[in-house]
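Heads up, the thing below is written out as structure tokens.
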There are 2 protein chains.
Amino acid sequence: MNRYLKVKSARAWWLGVLLALICLTPLRAAEPLPSWNDGAPKQAIIDFVAKVTAEGSADFVPQAERIAVFDNDGTLWSEQPMYFQAFFVLDRIKAMAPEHPEWETTEPYASVLKGDMSKVMEGGQAALVELVMTTHAGMTPDEFRRIVLDWVATARHPKTGRPFTRMVFQPMLELLEYLRANGFKTFIVSGGGIEFMRAWVQDVYGIPPEQVVGSSIRTKFEMRDGKPVLVRLPELNFYDDKEGKPVGINLHIGRRPIAAFGNSDGDHQMLQWTMAGDGPRFALLVHHTDAEREWAYDRDSHIGQLDKALDEARASGWSVVDMASDWGQIYPQ
Amino acid sequence: MNRYLKVKSARAWWLGVLLALICLTPLRAAEPLPSWNDGAPKQAIIDFVAKVTAEGSADFVPQAERIAVFDNDGTLWSEQPMYFQAFFVLDRIKAMAPEHPEWETTEPYASVLKGDMSKVMEGGQAALVELVMTTHAGMTPDEFRRIVLDWVATARHPKTGRPFTRMVFQPMLELLEYLRANGFKTFIVSGGGIEFMRAWVQDVYGIPPEQVVGSSIRTKFEMRDGKPVLVRLPELNFYDDKEGKPVGINLHIGRRPIAAFGNSDGDHQMLQWTMAGDGPRFALLVHHTDAEREWAYDRDSHIGQLDKALDEARASGWSVVDMASDWGQIYPQ
């Protein structure tokens, strides 16, 4: 080998190393979705992503249009024995009680403080709305965010003893990462409170506040001691569930997703609307079938009922995750 | 130079070229903001951007928090002799008239068709709302988008003869680019219709639909012939002006911007709320002072009135663009 060739091959080698480092970094994890067992849902996800990212193919979707929407409760984290935000409400009532001695004799607060949930439920929806507004309104968004973060840092699930944010689904964390590594923009579209979620979903899911769609109460701009603030009001602004989900997506995102992930009939319309667009589409339901590692429930559950959406998934060929068999791991270790 | 050193220097040279190509591509345009004349506003923008992007400095702002919000009417494009969306409304009434023979004798339509705007205005706000709802509701978002795009492609401004989307401000296009090149996420926060803007702002401003906050009407999810659709309803959902702007920002973006750009008292609260946050902040008003190249108006204008916000800008040291002297060019060539 003469000197010129040696120079050239050294140069080529270094260029190769550098380009490899630059280009391959996002792909270091050799195999995507490691917590997903081989099977139809995993294969369908990988096939869909390959299809929409193959430049020049008929199914190619430009990066800006790769919008993926995820329900939260029951899809990204557990939701039993009740929505985790309901634990937040009850914990907050207890934390606020010392400043409200009148609650000891006022419903629904008295029953919450005694831990008598069946008595609370006797108050019906009005009682629940009152508890939500008492714990969610009356402060600025910044103050509410700190309250949520304090709760997230200290609260534990009664059955698992885990922090609630450690009851997110490891396979879904991998899916979010995998989609983003392939140019997707990932959004949450949940019936949960938009500002409740925004406090922690960046850290836990890698989803920034501006990519969260949820239920909301009204806020009001006002000057307090010459300082402009927003104040959270005890009035519903938007309920982001069922028919509300496509409405919320249209309002916040302004275009139809190409992929939607849910677990209940509350996600049915979101999946229908996603699948009704032109071009390649993907819909997936998480079916809670694992009573040992998580919970098993579907058609008759009060929380996360999955009935009509499951029928349509089977009739229309949407992907359905059988949690017990399709997921090798449920929660992060 | 021995052989080893030659190999090494060749390698270093190639690495240098490659890294330069990779790293410097976004900086090819040597000088930022070429249509801005040297002066206080341009310097303030450049100083602010340098400050928040200087890693290790006390004023450094992580990229995810570099949120910049822009009003549209009067800030990114002109707004005289009336908001451009009002031209859209009138043009649509004329285009729809053949299907509505009854309009020839029904107000406010009859006066619109005769071009008698003072008679239309006699109907007050109720007449204007009716015209807006007639032209904005009753179709799906996809259908509305196509209607807007058709109008954008053909409509011309009565004074300049330009397409309305060529009456955007060249200096502001450069500013949007400059901020994005420095890691900012740019949002529109406008009193204009959210879906009216979304139809064209990606092409014109490089701002995607999910980064547009605006006024909106309600939409409803329904099944039509077994196909899920959203339908735009003739009911106001949200009015994104004045006190509404911080509310809209909080709902859609979920965090406080660090930079806000406006031109009227309708932007006052947005700028106040932006400036009231912690850390480095930037606020700028576009003052329409150029009757020759654009329009000159401020405290007494019915469209884009700039009065209280101008006082606060001067008292608080916000940047104020004197359009006549600070901008070397108004519209794109």
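We name chains A, B, ... by the order of the sequence lines, and we start the count at 1 in each one.
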Between A:Ile194 and chain B, with a heavy-atom cut-off of 4.5 Å, which part of the residue counts as in contact: side chain, backbone, both or neither? side chain

Check each atom of B:Glu222 against the heavy atoms of chain A and say whether the ones under 4.5 Å are side chain, backbone, both or neither. neither

Can you tell me which portion of B:Phe238 sits under 4.5 Å from chain A's heavy atoms? Options are side chain, backbone, both or neither. neither

Go through the steps to decide whether A:Glu195 and B:Asn250 satisfy the test side-chain contact (heavy atoms from CB on, under 4.5 Å), and finish with yes or no. CA-CA 9 Å; A:Glu195 300 208 65; B:Asn250 188 60; 3.1 Å; yes

Using only non-hydrogen atoms and a strict under-4.5 angstrom cutoff, which residues of residues 270-282 of chain A touch chain B? A:Gln272, A:Trp273, A:Ala276

Below 4.5 Å, heavy-atom pairs only: which of A:Thr219, A:Asn237, A:Leu230 has the largest tally toward chain B? A:Leu230

From the list A:Ala64, A:Pro228, A:Pro208, the residue making the most non-hydrogen contacts under 4.5 Å with chain B is A:Pro228

Minimum-distance pair of heavy atoms, taken over all atoms of B:Arg198 and A:Leu251: NH2-O, 2.7 Å

Between the CD1 atom in B:Ile249 and the CZ atom in A:Phe221, the distance rounded to the nearest 0.5 Å is 10.0 Å

Residue pairs passing the salt bridge (Lys or Arg N to Asp or Glu O under 4.0 Å) test with at least one member in residues 139-150 of chain A, sequence neighbours excluded, are A:Asp142-B:Arg256

Checking A:Gln211, A:Arg255, A:His252 against B:Glu210 for side chain to side chain donor-acceptor pair (under 3.5 Å), the one that qualifies is A:Arg255

Honestly, the part of A:Pro246 sitting under 4.5 Å from a heavy atom of chain B is both

A:Lys185 versus chain B, heavy atoms under 4.5 Å apart: side chain, backbone, both or neither? side chain

So which of A:Lys227, A:Lys220, A:Gln269, A:Gln202 has the biggest tally of heavy-atom pairs under 4.5 Å with chain B? A:Gln269

